[in-house]
Q: 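Let me give you the structure first, and then I'll get to my questions.
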Amino acid sequence: MSDILVVGSVGLDDVETPRGKVTKAMGGSAIYFSYAASYFSNVNIVGVAGDDFPLTEMKEDLKKRPVNFDGFEIIEGGKTFRWSGKYKNNMNDRDTLLTELNVFETFNPVIPSNYNNKPILFLANIHPILQNSVLEKVNSPQLVITDTMDFWIEGNRAEVDKVLKKSDIVIINNSEAELLTTYSNFTKAAKIIMKESNLKALVIKLGKFGVYLTNGNEHFFLPAYPVDEVFDPTGAGDTFAGGFTGYLAKVEKYDFETLKKAIVYGSVIASYTVSAFSVNALKNISDKEIEDKYKEFKDFVSF
Ligand code: AMP
């Protein structure tokens, strides 16, 4: 099993969906990612929060799972990253109402020496300058997997391009693929991204419609795991990435067949996220439940 080192946002979210509303709920890309990936592998978090972040609650939730907080900094008197979003009735599209970097504005990530053991590096969604700074500080990662967001592509394109150049696998959604290439057709956008990069693989998330994976020669498409009731899609992308990366770290293989299985595990974990607000549905899933859902999913899509 490999270790995962993740850097990304640690946040307090205000979210409104047609099913309800939460304020100051635990969120952030690195948080959702860690809840999901720790079902599969060791996770080391690098991030920062103010003392308004419920770290004790998070540690209690994850106490039975292999999550190392040595690189997680709390700034006394500081304010945690804030994000607020409102979902449309289709639960797929959302408007961002607020993004406040707060303690991330001056964050200088320090990688604890015990984190530097040839990890799989996951650059979760956060300022690309921070992603680049972590890339430079981590000792020969065996695989670099990167996520980003419209907010950073629109505002910091050159830095985003620099991170993408140093990545092995990129996970984005279809609107981000369009921003990068101008093509709204995701297979066309994927062709262009693969042609113009050295990526080993590209994953394009299509929200409730599923996910597409390609290495340039081979292709895989999986629908989303059908969920009866969606309460809050926030974090689905980050938990998908957590299941995907966690599975790769567990099996330490990166061939296309393994990537396909990782896509299925990512989709299984994401199906939990959307069934409750914040990280609430990610606290107590058994390994058996994950395996049962994986097998059920296999039946759903085989013919
Ligand atoms: P997702 O629904 O997978 O896109 O993830 C939503 C999470 O990402 C929320 O918990 C937010 O706190 C966090 N987030 C939103 N915008 C940003 C941003 N610009 N940079 C980093 N994290 C963000």
Side-chain angles (χ1 to χ4, degrees), residues 6-17 22-37 45-50 52-54 58 79-88 91-105 107 109 122-131 134 145-157 159-160 163 171-177 179 203-208 211 224 230-245 266-267 269-282:
V6 55
V7 61
S9 58
V10 173
L12 289 173
D13 295 342
D14 295 349
V15 177
E16 187 175 344
T17 81
V22 285
T23 46
K24 288 196 160 187
M26 198 193 293
S29 57
I31 301 302
Y32 278 109
F33 178 92
S34 300
Y35 270 80
I45 313 185
V46 173
V48 68
D52 50 351
F53 184 80
M58 180 176 178
K79 232 180 127 198
T80 297
F81 174 90
R82 296 294 313 271
W83 176 78
S84 164
K86 186 173 177 186
Y87 286 83
K88 307 257 161 77
M91 283 280 192
N92 220 35
D93 303 320
R94 71 181 179 204
D95 290 323
T96 288
L97 307 177
L98 168 100
T99 305
E100 265 181 18
L101 293 183
N102 297 330
V103 289
F104 268 102
E105 226 149 334
F107 181 47
F122 186 78
L123 302 170
N125 183 26
I126 190 59
H127 201 307
I129 290 184
L130 269 180
Q131 292 180 317
V134 170
I145 308 181
T146 299
D147 188 1
T148 188
M149 200 176 186
D150 49 1
F151 186 80
W152 304 115
I153 301 172
E154 282 165 342
N156 300 76
R157 181 63 193 263
E159 286 292 331
V160 169
V163 184
I171 302 178
I172 47 179
N173 67 30
N174 51 332
S175 60
E176 291 148 6
L179 273 179
V203 178
I204 299 186
K205 296 167 290 176
L206 307 166
K208 66 179 175 188
V211 57
V230 175
F231 281 84
D232 175 15
T234 309
D238 306 311
T239 45
F240 166 83
F244 177 82
T245 308
S267 305
I269 289 287
S271 76
Y272 285 94
T273 314
V274 302
S275 65
F277 279 90
S278 183
V279 293
N280 288 321
L282 295 166

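Ligands are counted one by one from 1 in listed order, and the atoms in each one are counted from 1 as well.
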Q: Report the nearest protein non-hydrogen atom to atom 21 (C) of ligand 1: residue, atom name, distance rounded to 0.1 Å.
A: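 Going by distance alone, atom 21 (C) of ligand 1 is nearest to Asn125 O, 2.9 Å.
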Q: Under 4.0 Å from a heavy atom of Gly235: give me the atoms of ligand 1 that qualify, with their elements.
A: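 Selected atoms, number and element: 1 (P), 2 (O), 3 (O), 5 (O), 6 (C).
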Q: Counting from 1, what ligand 1 atoms have a heavy atom of Phe151 closer than 4.0 Å?
A: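 So the answer, numbered in order with elements, is 19 (N).
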Q: Compute the minimum heavy-atom distance from Gly237 to ligand 1 and say whether it is under 4.0 Å.
A: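 Yes, Gly237 has a heavy atom closer than 4.0 Å to ligand 1.
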Q: Can you pull out the closest protein heavy atom to atom 4 (O) of ligand 1? Residue, atom name and distance to 0.1 Å, please.
A: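 In this structure, atom 4 (O) of ligand 1 has Arg94 NH2, 2.9 Å as its nearest protein heavy atom.
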Q: Could you give the distance from CG (Leu101) to OG1 (Thr80), rounded to the nearest 0.5 Å?
A: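 Going from the CG atom of Leu101 to the OG1 atom of Thr80 covers 12.5 Å.
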Q: Relative to the heavy atoms of Tyr32, which atoms of ligand 1 are at a distance of less than 4.0 Å?
A: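 This gives 10 (O) as the contact atoms.
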Q: Counting heavy atoms only, which of Asp14, Val274, Asp238 comes nearest to atom 7 (C) of ligand 1?
A: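 Answer by nearest heavy atom: Asp238.
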Q: Looking only at protein heavy atoms, identify the closest one to atom 12 (O) of ligand 1 and say how far it is in Å.
A: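 Closest protein heavy atom to atom 12 (O) of ligand 1: Asp13 OD1, 2.7 Å.
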Q: Phe231 versus Thr17: any side-chain heavy-atom pair under 4.5 Å?
A: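 Phe231 does not reach Thr17 side chain to side chain.
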Q: Just jot down the ligand 1 atoms closer than 4.0 angstrom to any heavy atom of Ser9, in number order.
A: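 By the 4.0 Å cutoff, the relevant atoms are 13 (C), 21 (C), 22 (N), 23 (C).
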Q: Donor-acceptor pair, distance only, cut-off 3.5 Å: does the side chain of Ser278 make one with the backbone of Met26?
A: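 Confirmed, Ser278 side chain pairs with Met26 backbone.
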Q: May I ask you to test the Pro109-Val48 pair for a side-chain heavy-atom distance under 4.5 Å?
A: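 A side-chain contact under 4.5 Å is absent here.
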Q: If you take the centroid of each ring, where Trp contributes its six-membered ring, are Phe107 and Phe104 closer together than 6.0 Å?
A: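 Between Phe107 and Phe104, which both carry aromatic rings, the centre distance is below 6.0 Å.
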Q: Can you tell if the side chain of Phe122 reaches within under 4.5 Å of the side chain of Asp147, non-hydrogen atoms only?
A: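 With C-beta onward as the side chain, the pair touches.
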Q: What I want to find out is whether Asp14 reaches Lys86 closely enough, with some N-O distance under 4.0 Å, to be called a salt bridge.
A: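 Salt bridge between Asp14 and Lys86, a charged N being under 4.0 Å from a carboxylate O: no.
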Q: Name all residues meeting the side-chain hydrogen bond (donor to acceptor under 3.5 Å, both in side chains) criterion together with Asn92; count only those two or more places apart in sequence or in a different chain, and write none if there are none.
A: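 Not a single residue meets the side-chain hydrogen bond (donor to acceptor under 3.5 Å, both in side chains) criterion with Asn92.
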Q: If you have a sec, work out which protein heavy atom is nearest atom 17 (C) of ligand 1 and how many Å separate them, to one decimal?
A: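 The closest one turns out to be Met149 SD, 3.4 Å.
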Q: Quick one: does Gly28 get an N or O within less than 3.5 Å of an N or O on ligand 1?
A: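 Yes; at least one N/O pair falls below 3.5 Å.
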Q: Going from CD1 on Ile172 to OG1 on Thr148, what distance comes out if it is rounded to the nearest 0.5 angstrom?
A: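 Interatomic distance, Ile172 CD1 to Thr148 OG1, rounded to 0.5 Å: 9.0 Å.
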Q: Short list, please: which atoms of ligand 1 are under 4.0 Å from a heavy atom of Gly27?
A: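 Those of ligand 1 that fall under 4.0 Å from Gly27 are 10 (O).
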Q: Heavy atom of Trp152 under 4.0 Å from ligand 1?
A: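 Yes; Trp152 lies near enough to ligand 1 that a heavy-atom distance drops under 4.0 Å.
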